[in-house]
Amino acid sequence: GLAVALASAASDSQGRSARGSAARGVYSSTLSPGVVVAGLLDSYLSVIGTQQPSDRAQPASSRSAPPTRSREKPASRRVAVVTWWDAGAWTNVATDLSNGMAQRGWIVRTMFTKLTAGTDLTGFDARVEVVPLGPRASRAPLAIARQLRSFAPDVTIVLGTLSNGPTVIAHRLAGRPGSLVLNEGSCISSEVREHAEHPFVSRADTIARLLYPLASGVVCASEGVQLDLRDKVGISPSRLETVVIPNAIDLDRVRRLADAPLSVEPPRAPLVIALGRLSRQKNPSLLLRAFAGHRLAGNAGVLAFVGDG
């Protein structure tokens with residue numbers, strides 16, 4: 001089916017444009033798949049202003065976080081951001097959140113596991129304190145706990161499944177300083193199925209059931225992730241408050257890059273671009289098999305992968 005779709009897209013540019021317009025219409029009528037970075041920051045600030053450890057009043061099944069500045073906390077409050085350095089989505093979100101909160105007067109300490117010496121950190125505002133926690137995530141709880149004790153944040157924001165569990169433990173070890181907001185970007189039940197051999201990810205659902213309810217709440221990247229936590233992982237809304245904030249898209253940066261000249265000469269044949277990191281989760285082999293079928297059927301085309309991995 002994918003091969004047929006590729007052949008159709010390569011031979012029918014008008015149909016492709018029509019399908020793109022239809023997709024945009026669907027997105028505009030539902031929860032946007034991406035928000036401008038300023039909206040992301042406002043959404044997180046609204047979560048920080050409302051989610052406290054004892055706040056469980058609203059059910060999680062239908063909540064979303066509208067961008068608002070009415071609940072922003074005063075300047076000079078402290079926020080800790082914890083994630084791992086993947087040079088991708090989590091790094092980008094951590095950078096955007098850290099810079100935005102520093103620019104609004106927050107004191108920001110951003111902590112990364114897997115951050116190595118010599119990494120380019122020029123994207124961070126000079127007011128953001130960036131702390132490497134070492135290369136091994138399994139040793140992170142004690143390192144994070146030491147940072148939380150010394151920094152005493154009003155709120156800790158955690159980005160990603162691999163950071164959520166260790167930071168919940170660290171937050172407890174540090175004496176529970178301030179609120180703790182986790183972030184889940186993927187459906188945990190799918191991760192467990194796809195990484196059955198991984199010693200940590202294969203048990204992510206069990207870890208989430210045990211540890212996530214100890215946090216103030218969880219930010220979910222989509223309604224699907226939110227429902228997965230409830231229906232498949234088995235965390236009821238009465239035990240854990242969740243809120244949907246889609247991943248951010250810096251539209252101005254996208255437009256600037258779109259207008260920039262290409263570094264390579266584009267092929268004359270129809271071009272299919274796969275944009276994203278090369279990882280098992282993205283399943284690039286599926287696209288390779290589909291494109292092979294497209295070419296074996298006698299169709300022209302070039303497949304280009306753009307991403308790290």
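Just so it is clear, the model here is predicted, and its values are computed rather than measured.
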K.L.:
Can you tell me how far apart CD (E223) and OG1 (T242) are? Round to the nearest 0.5 Å.
P.N.:
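Interatomic distance, E223 CD to T242 OG1, rounded to 0.5 Å: 10.5 Å.
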
K.L.:
Side chains of S150 and R109: is there a donor and an acceptor less than 3.5 Å apart?
P.N.:
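Note: S150 and R109 side chains meet the donor-acceptor criterion.
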
K.L.:
Residues in side-chain contact (heavy atoms from CB on, under 4.5 Å) with L303, at least two apart?
P.N.:
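V272, L287, L288, F291, F305.
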
K.L.:
Would you name the heavy atoms of Q226 and C220 that are closest together and state the gap between them?
P.N.:
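Residues Q226 and C220, closest heavy atoms: CA-SG, 3.7 Å.
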
K.L.:
Flag yes if more than 12 heavy atoms outside R203 fall under 6.0 Å of its CZ atom; otherwise flag no.
P.N.:
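For R203, atom CZ is not crowded (no more than 12 foreign heavy atoms under 6.0 Å).
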
K.L.:
Are the side chains of S163 and W84 in touch, meaning some heavy atoms are under 4.5 Å apart?
P.N.:
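Sidechains of W84 and S163: in contact.
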
K.L.:
So which atom in I207 and which in G165 form the shortest heavy-atom distance, rounded to 0.1 Å?
P.N.:
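The pair with the smallest heavy-atom distance is CG2-CA, 4.5 Å.
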
K.L.:
Would you sort out whether Q103 and R127 count as a side-chain contact (heavy atoms from CB on, under 4.5 Å), showing the intermediate values?
P.N.:
CA-CA 8 Å; Q103 289 160 11; R127 290 164 289 191; 3.3 Å; yes

K.L.:
What closest approach, in Å, do V108 and A102 show between heavy atoms, and which atom pair accounts for it?
P.N.:
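Heavy atoms of V108 and A102 come nearest at CG2-N, 3.7 Å.
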
K.L.:
Where the side chain of H294 meets the backbone of A300, is there a donor-acceptor pair that is under 3.5 Å apart?
P.N.:
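Side chain of H294 to backbone of A300, a donor-acceptor pair under 3.5 Å: yes, one is there.
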
K.L.:
Rounded to the nearest 0.5 Å, how far apart are CG of N283 and CZ of R289?
P.N.:
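If I round to the nearest 0.5 Å, the distance is 6.5 Å.
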
K.L.:
So, does N183 use its side chain to make a donor-acceptor pair with the main chain of V218 at under 3.5 Å?
P.N.:
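Between the backbone of V218 and the side chain of N183 there is no qualifying donor-acceptor contact (under 3.5 Å).
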
K.L.:
L133 vs Q147, test: side-chain contact (heavy atoms from CB on, under 4.5 Å). Steps then yes/no.
P.N.:
CA-CA 9 Å; L133 295 175; Q147 294 292 331; 4.0 Å; yes

K.L.:
Out of curiosity, I144 CD1 to L173 CG, how far, rounded to the nearest 0.5 Å?
P.N.:
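If I round to the nearest 0.5 Å, the distance is 10.0 Å.
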
K.L.:
Under 3.5 Å, is there a donor on one side chain and an acceptor on the other for D96 and S98?
P.N.:
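Result is no, nothing qualifies.
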
K.L.:
Kindly indicate, with the supporting measurements, whether the criterion side-chain contact (heavy atoms from CB on, under 4.5 Å) is fulfilled by L159 and F112.
P.N.:
CA-CA 10 Å; L159 302 173; F112 288 99; over 6 Å; no

K.L.:
As an exercise, state the distance from OG1 of T167 to CZ of R172, rounded to the nearest 0.5 Å.
P.N.:
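So the OG1 of T167 and the CZ of R172 are separated by 13.5 Å.
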
K.L.:
S202 and V192: which non-hydrogen atoms are nearest, and at how many Å?
P.N.:
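Scanning both residues, the minimum pair turns out to be O-CG1, 3.5 Å.
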
K.L.:
Considering residues at least two apart in sequence or located in another chain, which fulfil the side-chain hydrogen bond (donor to acceptor under 3.5 Å, both in side chains) criterion with D259?
P.N.:
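side-chain hydrogen bond (donor to acceptor under 3.5 Å, both in side chains) list for D259, sorted by chain: empty.
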
K.L.:
Hey, any chance L214 and I157 share a hydrophobic cluster, counting ILVMFWY side chains that come within less than 4.5 Å of each other, even indirectly?
P.N.:
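Linked, L214 and I157 end up in one cluster.
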
K.L.:
Verify the distance criterion only: is there a donor paired with an acceptor across the side chains of E184 and T161 at less than 3.5 Å?
P.N.:
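Per modelled atom types, E184 and T161 side chains form a pair under 3.5 Å.
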
K.L.:
Check whether any side-chain N or O of D205 sits under 3.5 Å from a backbone N or O of S189 as a donor-acceptor pair, and report yes or no.
P.N.:
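Side chain of D205 to backbone of S189, a donor-acceptor pair under 3.5 Å: no, none is there.
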
K.L.:
Thinking salt bridges, do D154 and R78 make one under a 4.0 Å N-O criterion?
P.N.:
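Not counted as a salt bridge, because no side-chain N and carboxylate O are separated by less than 4.0 Å.
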
K.L.:
Under 4.5 Å between side-chain heavy atoms, counting indirect links through other Ile/Leu/Val/Met/Phe/Trp/Tyr residues: same cluster for F151 and V181 or not?
P.N.:
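F151 and V181: separate clusters.
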
K.L.:
Identify the two heavy atoms, one from I169 and one from P141, that lie closest to each other, and give their separation to 0.1 Å.
P.N.:
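Scanning both residues completely, I find the closest heavy atoms to be CG2-CB, 4.2 Å.
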
K.L.:
Among the clusters formed by ILVMFWY side chains lying less than 4.5 Å apart, do V225 and V158 turn up in the same one?
P.N.:
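No, V225 and V158 fall in different hydrophobic clusters.
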
K.L.:
Between R230 (side chain only) and G234 (backbone N and O only), is there a donor and an acceptor less than 3.5 Å apart?
P.N.:
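No, the answer is negative, given that no donor and acceptor are paired below the 3.5 Å cut-off.
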
K.L.:
Are V306 and L271 co-members of a hydrophobic cluster defined by side-chain heavy atoms under 4.5 Å apart?
P.N.:
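Shared cluster, yes.
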
K.L.:
Return the SG to CG distance between C187 and D231, rounded to the nearest 0.5 Å.
P.N.:
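Answer rounded to 0.5 Å: 10.5 Å.
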
K.L.:
Using side-chain heavy atoms (C-beta onward) and a distance below 4.5 Å, is V155 in contact with W106?
P.N.:
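Of all side-chain heavy-atom pairs linking W106 with V155, at least one is under 4.5 Å.
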
K.L.:
Is H171 reaching over with its side chain to a backbone N or O of A215, donor-acceptor style, under 3.5 angstrom?
P.N.:
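Judged by distance alone, no pair lies under 3.5 Å.
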
K.L.:
If we count only N and O atoms by modelled type, under 3.5 Å, do the side chains of R193 and S190 hold a donor and an acceptor together?
P.N.:
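Per modelled atom types, R193 and S190 side chains form a pair under 3.5 Å.
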
K.L.:
Quick one: does any side-chain atom of D228 pair with a main-chain N or O of G224 as donor and acceptor, under 3.5 Å?
P.N.:
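Answer holds: no.
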
K.L.:
Could you go through R104 and N99, starting from their C-alpha distance and side-chain angles, then the distance that decides it, and tell me whether this counts as side-chain contact (heavy atoms from CB on, under 4.5 Å)?
P.N.:
CA-CA 9 Å; R104 295 194 183 191; N99 291 348; over 6 Å; no

K.L.:
Consider only side-chain heavy atoms of I, L, V, M, F, W and Y, link residues closer than 4.5 Å, and tell whether L180 and I107 are in one cluster.
P.N.:
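No; tracing contacts between hydrophobic side chains, which count when under 4.5 Å, never links both residues.
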
K.L.:
Just verifying a value: how many Å separate T156 OG1 and R176 CZ, rounded to the nearest 0.5 Å?
P.N.:
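Those atoms lie 12.0 Å apart.
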
K.L.:
Taking all non-hydrogen atoms of both residues into account, name the closest pair between P213 and A208 and its distance.
P.N.:
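It is CD-O, 3.4 Å.
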
